[in-house]
Amino acid sequence: MNTLQFDPSRAALHLSDQERTEALRANALLHDGSGAGHDFLGWVHLPSSLDEAALAAIEAEAARLRTLADTILCIGIGGSYLGARAVQEALDDPFAALHPGQTHHLLFAGQNLSEEYTARLFEAVRERSIAAIVISKSGTTTEPAIAFRLIRAEMERRYGREEAARRIVAVTDRSRGALKSLADREGYRTFVIPDDVGGRYSVLTPVGLLPLAAAGVDIRALVEGAREMERATAPEASFEENPAARYAAVRNALYRKGYKIEILASYEPQLHHLTEWWKQLYGESEGKQGRGIFPAGATFTTDLHSMGQYIQEGERMLFETVVSVADTHGHVTIAPDPEDADGLNFLAGKRLSEINRTAELGVALAHTDGGVPNLRIELPRLDARNVGRLIYFFEKACGISGYLLGVNPFDQPGVEAYKKNMFALLGKPGYEEEAERLRKRL
Ligand code: PA5
């Protein structure tokens with residue numbers, strides 16, 4: 001197996017010809033631009049449209065930042081955060097910080113309002129040389145704007161305004177927003193987030209590619225993997241050849257049968273933030289108009305010791321999609337122990353990956369027996385090319401799935417509600433009447 005494979009055989013589901021045709025029709029809508037939200041389809045051809053000049057410019061900027069600083073602070077939230085975090089975690093050595101050769105670090109800020117997190121981040125970088133990549137499409141999102149104000153002040157205090165400006169790169173809209181105005185005023189280098197790519201589909205723009213290149217990720221291989229999946233899911237591909245159409249059709253068929261929650265599960269802890277990215281992608285794209293599969297995540301076998309009981313025997317509205325990695329890094333074998341005090345000699349000679357894979361098989365059988373349909377996505381290994389394939393696969397399937405569900409997968413009207421309340425309660429000018437109404441309810 002050389003590429004991503006989708007296997008729904010444990011879902012015990014027969015798709016009708018109509019369900020297959022509808023999935024292909026939804027895919028065609030993404031390509032001909034005649035569906036809902038068609039102003040935000042820039043991601044569909046993004047991998048193939050990224051040319052040498054675009055990739056080289058990102059790599060050059062990342063290299064420049066690495067010569068200026070050993071620690072790069074990446075500031076953003078939601079779609080301006082999760083993609084870079086997910087890919088970095090999937091590809092990085094989780095113990096890299098302990099390696100003596102590790103000179104550069106990518107740290108994240110602006111993805112929360114926690115004073116504890118922010119204070120500890122400042123403490124951690126006190127003795128380090130820093131640069132910042134600040135990412136916001138709107139340029140006005142509160143969390144990253146606050147983090148950037150704090151980090152900018154620290155950088156200007158340390159380096160002076162001019163040198164701080166050399167160390168800051170803004171990734172934002174071409175012309176609008178407070179961040180763009182600030183970047184123009186201070187002379188920051190900037191990268192543009194295309195108008196037609198929404199936040200949660202933006203990991204293959206400079207939003208994801210610049211911080212990833214700064215973290216040392218091979219962004220060319222990442223993009224190449226995404227290009228392969230772009231080709232594999234083109235409108236010319238048949239239903240059987242198109243894994244994204246198949247995944248979208250199967251999950252919608254399950255939804256119609258009453259399976260309202262999808263658990264994205266993996267046996268590799270490095271995929272934790274990939275699951276977080278997937279949750280945003282599917283949650284924001286589908287959860288509207290009183291509809292949508294609720295996206296949940298789990299890391300097995302860890303979470304089998306916490307969520308396993310519910311998954312096996314709780315309310316029957318769950319299905320599970322397992323991201324399985326065929327070939328993992330390293331070689332860890334269980335040695336025989338002459339005393340066998342722990343009773344584990346039956347595992348002697350086996351690799352840990354074999355035990356993990358056997359756990360995966362046992363769990364799939366147990367969960368399907370317990371009424372949890374099981375879908376499987378297999379990757380040959382966790383490298384940049386395969387993660388690129390996985391990203392585009394999920395994006396394409398999400399667009400198709402949203403259309404099958406009958407929603408616009410490219411808007412997010414619901415995320416404004418909390419912001420309105422927060423601004424009103426914090427006293428933002430223009431929100432006085434709303435503040436009055438809310439205070440009466442407190
Ligand atoms: O997907 C989305 O649109 C959101 O999650 C945004 O990415 C998030 O709110 C950050 O927005 P911005 O990039 O404008 O700061």
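Fair warning: this is a prediction, and the values are worked out from it, not measured in the lab. Numbering of ligands and ligand atoms starts at 1, following listing order.
Summarising the geometry of A84 relative to V207, their closest heavy-atom pair is CB-O, 4.4 Å, with the distance given to 0.1 Å. Scanning all heavy atoms of the two residues, the minimum distance from P373 to L318 falls at CD-O, 3.4 Å.
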**OP:** Determine, stepwise, if the pair E240 / R20 fulfils salt bridge (charged side-chain N to carboxylate O under 4.0 Å, His left out).
**Re:** CA-CA 9 Å; E240 288 308 327; R20 291 158 186 256; 2.7 Å; yes
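Residue S80 has at least one heavy-atom neighbour below 4.0 Å for each of these atoms of ligand 1: 7 (O), 12 (P), 13 (O). Those atoms of ligand 1 with a heavy atom of S136 less than 4.0 angstrom away are 12 (P), 13 (O), 14 (O), 15 (O). Atom numbering of ligand 1 starts at 1 in the shown order; those under 4.0 Å from a heavy atom of G199 are 1 (O), 7 (O). In the vicinity of S138, heavy-atom distances shorter than 4.0 Å reach the ligand 1 atoms 12 (P), 14 (O), 15 (O).
Taking a cutoff of 4.0 Å between a charged side-chain nitrogen and a carboxylate oxygen, E162 and R166 do not qualify as a salt bridge. Under a 4.0 Å N-O distance rule, the pair R161/E186 qualifies as a salt bridge. Contact check on R246 versus D7 returns no salt bridge, with no Lys/Arg side-chain nitrogen under 4.0 Å from an Asp/Glu carboxylate oxygen.
Looking at ligand 1, you'll find an N or O of G79 within less than 3.5 Å of one of its N or O atoms.
Given atom 11 (O) of ligand 1, the protein heavy atom at minimum distance is T141 OG1, 3.4 Å. Here the protein heavy atom with the shortest distance to atom 1 (O) of ligand 1 is E284 OE1, 2.8 Å. Shortest contact from atom 10 (C) of ligand 1 to any protein heavy atom: I77 O, 3.3 Å.
Legend: residues meeting side chain to side chain donor-acceptor pair (under 3.5 Å) with T301, ordered by chain and number and at least two apart, are absent.
Taking only non-hydrogen atoms, the option from Q280, K419, K137 nearest to atom 9 (O) of ligand 1 is K419.
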